[in-house]
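Inspection log for the structure reproduced underneath, given as structure tokens.
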Amino acid sequence: METYDPKAIEAKWQHVWEDERAFYVDNPEPGEQPGDDFYMLEMLPYPSGNLHMGHVLNYTLGDVVTHFKRRQGLKVLRPMGWDSFGLPAENAAIKEGGHPREITERNIANIERQMRRLGWAIDWDRVIAAHDPAYYRWTQWLFLKFFEKGLVYRKEAPVNWCPNDQTVLANEQVINGRCERCGAVVESRKMEQWFFRITAYADALLKDHELIDWPERTKAIQRNWIGRSEGAELLFRIDELDVDVPVFTTRPDTVFGATFFVLAPEHPLVDTLVERSPKAEELRKYVRTAMAKRGEERAAADERTGVFTGLYVTNPATDAPIPVWVADYVLMDYGTGAIMAVPGHDERDRQFAERYGLPIREVVDEDGALVNSGQFTGLSAEEAKRAILEWLGERGRGRPAVNFRLRDWGFSRQRYWGCPIPIVYCERCGIVPVPEDNLPVLLPEVEDFRPKGKPPLASNEEWLHAACPRCGGPAVREADTMDTFVDSSWYFLRYVDPHNDQAPFERRLVDFWLPVDQYVGGIDHATGHLLYSRFFVKVLDELDLVGFREPFQRLFHQGWVRQGGSKMSKSRGNVTAPDELADMYGADAVRLYILFVGPADQAMDWTEEGVEGIARFLRRLWRIVGEARYASPDPQPDPEPSLLSRKAHETIARVSDDIGRRFVFNTPIAAVMELVNELGRDPAAPGARFAAETAVSLIQPYAPHVAEELWSRLGHERLWEQPWPVADESQLERETFELVIQVNGKVRDRVEASVQESEEDLVARATASARVQAQLDGREVRQAIVVPGKLVNLVV
RNA sequence: GCCGAAGUGGCGGAACUGGCAGACGCGCUGGACUCAAAAUCCAGUGGAGCGAAAGCUUCGUGUGGGUUCGACUCCCACCUUCGGCACCA
């Protein structure tokens, strides 16, 4: 038998699969009912030019599931696409020259070649790319639908501004508060930005967690991010101005302890207060300084600062006047931008009160009972929350309220390489959406896409000026582009109908394939992509474009792959590209190893010794399966149960359960190794051929090339279409088992016992054991615990 | 501070519903093959102690308690590491 040559075998079968379109899947015929379909999806890659090990883990895992489900008879959709808009290509173009489109398309070609080298079962007819006008046309179309529904709006919001480069920076371009490129201190500047009204779905996003099978930690991260808190909105009156100022609090029980009142510097009332204040100059200065700071700077300040306005509000519980301060520890974008300060029971308020000599009043004692709280004194804090709120409600001074930490999603990017926003600004009509018929608004081919004080598209005069679709008058286009997370918030819907030029997708096809049955991707997207996509689907559901509320039924996060074992770092500068590794060890070895090294959802280390071990296993498999074939040329499996056939059936059961139910991918490889080890002890033993075929069949989802080659050498065809093997229950049953004998819970002996034996027999055998007798040492057995088929525990 | 996850040999890990701790692999040790090396194959490999040997004893899953005939697994407290949120009122 010739030696195992992974490179040749892998090229051979990749051609066969492509020629036979083995892993392309047809859309359902009209009327075809869902049920035997499976949508396997991994997060689409940003085409950076090279695959890294994280991709290899992600897509190999998806590949194993794809093969497994296909061979279980399901119709599996497993597409691939490119998240191809975004900063890196644009930055590379600025740095190295060239155009982001050229760079992106070159990268896509390269990464696709690397993907093909690893032999993943992908339907390449369904490829989509975010930067393709045929795709972003529908991103724009969806934007218009959201706009019509009032779920997209424009408001002034702070951006990161580099005063030196005269440009807006993305968050990831701000390093420790400084511009990544020039090092200048980044400022907060207000600009008009587009927002998705995701906060309108805050409750739905929380509640619908119960509909989906996601890791608890991911749901927890989203819960944290959404940050729902229940409390009350209370009204504090400023008589002089004849206004009621609402505050949000989670502690209405402490309202009797509110001894002062604080407004955020951005609070709309502050301007009026400044005019009235005897300390107008000081206030104005304070507000200006506070507003120039970025959020992190304000949070990082050592000392709480603020200025007294000279005005008073009325505490609705005590009716006492309390002073109004402006302080930057109160944030405008949480709650109402105003707080009742309770220094007795809030650490921040206490620090502030101590610094400025404000009164501190205790209203809840150590036992959690109210004190100094009028008729509520004596109640527990919990009781008081309800009672005080009810009382204030009757007086028109309060009501229950819920607050969220979640903010609306600002998606304007002052960048070139993104999806244009289909909006024009008309001198007469204002903000006008581009009509659907005029989509796509094409991203123009500009020469200079450097941001310089205004978004790059704003410099393209020819493109910028357009006729107003409504009145025909002069108008300018929106020059910001969309955040790339908009592109990826609906891509999973486009895969079902990627060439449709009449609609983003056909509802019938979405109904058939969606929701995604299994989604795989990094947990780093928990508060981004995974939240945005859920929001999008909820809106699309309400628009009747889809008929479900959650896009991803089951979710799995692959762990981080660290690469830097000692050998590797010395000899090859720490990182070897996956396609190089495939050339060195074979794609099958790389695929197997990345799943063998540990549980797929935990961090793992790639080591060269490890992949060498797997390559060794594959050579062993090759040799032993070859030996078994020569020893047992008859392709019919041996009819009689044997040690090997039992082991094979056990392995089928373990692997199927691990992949199918437990969703673990390392232990099935160990199980197949055990089978191969057993076979290797005597490749001519009865059942050897069946064991060999089983090992090959079970390893196919992981190592499809070598499995296919061995399968054909075993005289069969098209392993990728073979039904997944099913364990024969009768061969899993045992007539005898190893009875574990414990004395006081410690193992003292093991004897062969029959499954027929009664509990009394087993106890008798246990007691009869010489080793047990030595342990008993004449003591009396008080109790015997029998676990049938497993053990006897004698208690003395 | 709040929320979440995880701590098992020299290393990666296995042990799923409480029932033989360390599967499988790496590494290491010894042997075979070889002029030699690589590759390959065979055997051994948690610690300590006893034994000439077969083998036996004992300790052992972050720490301390608890529940149980029996705990890596369940409960309580704590320690450490990692991740998320964080002037969030």
Side-chain angles (χ1 to χ4, degrees), chain A residues 3 215-229 231 247-251 254 258 262 264 295-296 298-301 304 327-331 333-342 345-349 351-352 403-406 523-524 526-527 560 565 592-593 596-599 601-614 616-617 619-620 623 654 657-658 661-662 664 666-674 676-677 680-681 738-750 771 774-775 781-787 789-796:
Chain A
T3 51
E216 182 49 42
R217 57 183 171 142
T218 314
K219 291 185 184 177
I221 290 172
Q222 292 200 339
R223 273 200 303 273
N224 268 336
W225 184 258
I226 294 168
R228 184 180 199 273
S229 59
V247 303
F248 174 75
T249 178
T250 53
R251 297 292 306 276
T254 63
V262 189
E296 302 92 89
R298 270 166 70 162
R304 278 176 214 301
D328 70 0
Y329 80 94
V330 173
L331 310 175
D333 50 7
Y334 185 78
T336 62
I339 62 158
M340 63 174 204
V342 184
H345 302 283
D346 182 282
E347 189 50 38
R348 297 152 299 173
D349 296 344
Q351 286 173 16
F352 194 81
N403 229 289
F404 294 96
R405 207 178 339 236
L406 183 69
I523 195 169
D524 42 321
T527 58
W560 296 111
L592 266 172
Y593 180 62
F596 180 68
V597 68
D601 57 353
Q602 283 167 36
M604 60 187 80
D605 267 305
W606 174 280
T607 65
E608 197 151 319
E609 292 90 342
V611 72
E612 274 166 5
I614 282 287
R616 196 174 304 152
F617 163 68
R619 285 192 293 271
R620 240 168 91 71
R623 175 175 62 80
R654 277 174 67 185
D657 189 54
D658 281 355
R661 181 182 63 87
R662 298 178 66 204
V664 296
N666 53 335
T667 47
I669 301 171
V672 173
M673 284 174 170
E674 279 187 55
V676 173
N677 287 347
R681 272 177 211 119
E738 195 179 52
L739 177 70
V740 172
I741 305 169
Q742 298 179 333
V743 176
N744 287 345
K746 288 193 172 159
V747 179
R748 294 303 174 187
D749 204 359
R750 303 181 179 104
R771 283 185 195 156
Q775 282 295 324
V781 176
R782 274 196 323 197
Q783 195 190 351
I785 312 280
V786 181
V787 182
K790 278 191 177 154
L791 62 79
V792 170
N793 186 16
L794 302 173
V795 187
V796 298

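Labels below follow one simple rule: chain letters A, B, ... track the order of the sequence lines, proteins then strands, and each chain is numbered from 1. No experiment lies behind these values; they were computed from the predicted model shown. Only this structure's heavy atoms are used, side chains among them; waters, hydrogens and symmetry mates stay out.
- B/rA71 sits 46 Å from B/rA39 when the C1' atoms are compared, rounded to a whole Å.
- Salt bridge A/Arg304/A/Glu347: absent, no basic N to carboxylate O contact under 4.0 Å.
- With distances taken from any side-chain atom of A/Asn666 to the nucleotides B/rC41, B/rG13, B/rG84, the minimum falls on B/rG13.
- Under the Watson-Crick or G-U wobble criterion, with both distances below 3.5 Å, B/rA14 is left unpaired in every strand shown.
- Here B/rC26 presents its C1' atom at 14 Å from CD1 of A/Ile669, a figure rounded to the nearest Å.
- Comparing A/Thr218 and A/Asp346 along RNA chain B, the residue whose closest nucleotide (by nearest heavy atom) sits nearer the 5' end is A/Thr218.
- Counting non-hydrogen atoms under 4.0 angstrom, A/Gly227 reaches nothing in the nucleic acid.
- Pairing of B/rG1, defined by two Watson-Crick or G-U wobble distances under 3.5 Å, is identified with B/rC85.
- Spacing between B/rG65 and B/rG47 at atom C1', rounded to whole Å, works out to 25 Å.
- Pair check for B/rG19 finds B/rC69; Watson-Crick or G-U wobble, both atom distances under 3.5 Å.
- Within 4.0 Å of A/Val747, counting heavy atoms only, lie sugar-phosphate atoms of the nucleic acid but no base atom.
- Nucleic acid contact for A/Ala603: sugar-phosphate only, since backbone atoms but no base atoms lie under 4.0 Å from a heavy atom of the residue.
- Under 3.5 Å, the side chain of A/Arg405 and the base of B/rC88 form no donor-acceptor pair of N or O atoms.
- Counting only heavy atoms from C-beta on, A/Asn224 has its side chain closest to B/rC3 among B/rA14, B/rG27, B/rC3.
- Of the candidate nucleotides B/rG19, B/rA89, B/rC16, B/rG19 has the atom nearest to the side chain of A/Ile785.
- Between the base of B/rC69 and the side chain of A/Asn793 there is a donor-acceptor pair shorter than 3.5 Å.
- When heavy atoms are screened at a 4.0 angstrom cut-off, A/Asp658 is found touching no nucleic acid atom at all.
- Nucleic acid contact class of A/Glu674 (heavy atoms, under 4.0 Å, all strands): sugar-phosphate only.
- The A/Leu331 side chain lies nearest to B/rA89 when the options are B/rA89, B/rA23, B/rC16.
- Remark: C1' of B/rA6 and CG of A/Asp601 are 11 Å apart, rounded to the nearest angstrom.
- Picking from B/rU40, B/rU58, B/rC87 the nucleotide with the shortest atom distance to the side chain of A/Asp328 gives B/rC87.
- Nearest to the side-chain atoms of A/Ile221 among the listed nucleotides B/rU57, B/rG25, B/rG84 stands B/rG84.
- Here, B/rC78 and B/rC87 have their P atoms 26 Å apart, quoted to the whole Å.
- Side-chain N/O atoms of A/Arg662 include one lying less than 4.0 angstrom from OP1 or OP2 on B/rA15.
- Closest approach to the A/Arg348 side chain among B/rA21, B/rG12, B/rA89 is made by B/rA89 (side chain taken as heavy atoms from C-beta onward).
- Glycosidic conformation at B/rG13 (O4'-C1'-N9-C4 for purines, O4'-C1'-N1-C2 for pyrimidines): anti, more than 90° from 0.
- Taken to the nearest 0.5 Å, the NZ atom of A/Lys746 stands 15.0 Å off from the CG atom of A/Leu794.
- In a base pair of the Watson-Crick type (N1 to N3 plus N6-O4 or O6-N4) or a G-U wobble (N1-O2 and O6-N3), with each distance short of 3.5 Å, B/rU80 is matched with B/rA6.
- With respect to the salt-bridge test (charged N to carboxylate O, under 4.0 angstrom), the residues A/Arg223 and A/Glu216 qualify.
- Here, B/rG18 and B/rC74 have their C1' atoms 8 Å apart, quoted to the whole Å.
- Remark: the separation of the P atoms in B/rA21 and B/rA5 is 29 Å, to the nearest Å.
- Between A/Trp606 and A/Tyr593, the ring planes are perpendicular. Angles over 60° get that label, and only those under 30° would be called parallel.
- Using P as the reference atom, B/rC35 and B/rG12 are 41 Å apart when rounded to the nearest Å.
- Remark: the separation of the P atoms in B/rG25 and B/rG70 is 36 Å, to the nearest Å.
- Applying the Watson-Crick and G-U wobble criteria (two distances, each under 3.5 Å), B/rU58 pairs with B/rG47.
- Heavy atoms of A/Val330 sit under 4.0 angstrom from at least one base atom.
- Atom P of nucleotide B/rG25 and atom CD of A/Glu608 are separated by 20 Å, given to the nearest angstrom.
- In this structure, A/Thr254 OG1 and A/His345 NE2 are separated by 7.0 Å, a value rounded to the nearest 0.5 Å.
- Rounding to whole angstrom units, CG of residue A/Asn744 and C1' of B/rG70 are separated by 10 Å.
- Residue A/Arg623 places its side chain closer to B/rC41 than to any other of B/rC88, B/rC41, B/rG27.
- In this structure, the CG atom of A/Leu791 is 15 Å from the P atom of B/rC69, given to the nearest Å.
- B/rU34 is unpaired under the criterion used here, namely a Watson-Crick or G-U wobble arrangement in which both key atom distances are under 3.5 Å.
- Checking B/rC87, B/rU57, B/rA23 against the side-chain heavy atoms of A/Arg304 singles out B/rC87 as nearest.
- When rounded to the nearest whole Å, the span between NZ of A/Lys746 and P of B/rU58 equals 6 Å.
- Contact annotation: side chain of A/Glu347 to base of B/rG1, donor-acceptor pair absent below 3.5 Å.
- Set against B/rC88, B/rC87, B/rC69, the side chain of A/Tyr329 has B/rC87 as its closest nucleotide.
- Checking A/Arg616 against A/Gly598, the closest nucleotide of RNA chain B that is more toward the 5' end is the one next to A/Gly598.
- Contact annotation: A/Arg748 does not reach the phosphate of B/rG70 (side-chain N/O to OP1 or OP2, under 4.0 Å).
- A straight line from CD1 of A/Ile523 to P of B/rC82 spans 16 Å, rounded to a whole angstrom.
- Nucleic acid contact class of A/Pro215 (heavy atoms, under 4.0 Å, all strands): none.
- Nucleic acid contact class of A/Thr527 (heavy atoms, under 4.0 Å, all strands): none.
- Spacing between atom CG of A/Asp605 and atom C1' of B/rC26 amounts to 13 Å, rounded to whole angstrom units.
- For the residue pair A/Asn403 / A/Ser229, no side-chain donor-acceptor distance below 3.5 Å is found, with atom types taken as modelled.
- Here the separation of B/rC72 from B/rG19, taken at their C1' atoms, is 13 Å to the nearest Å.
- Summarising the geometry of A/Asp658 relative to A/Pro668, their closest heavy-atom pair is CB-CG, 3.5 Å, with the distance given to 0.1 Å.
- For A/Arg223 and B/rC3, a side-chain-to-base donor-acceptor distance below 3.5 Å is absent, hydrogens and geometry of angles not being considered.
- Crowding of A/Lys219 atom NZ: a count of heavy atoms from other residues, nucleotides or ligands under 6.0 Å exceeding 12.
- Checked by atom type and distance alone, the side chain of A/Asp349 pairs as donor or acceptor with a backbone atom of A/Val342 at under 3.5 Å.
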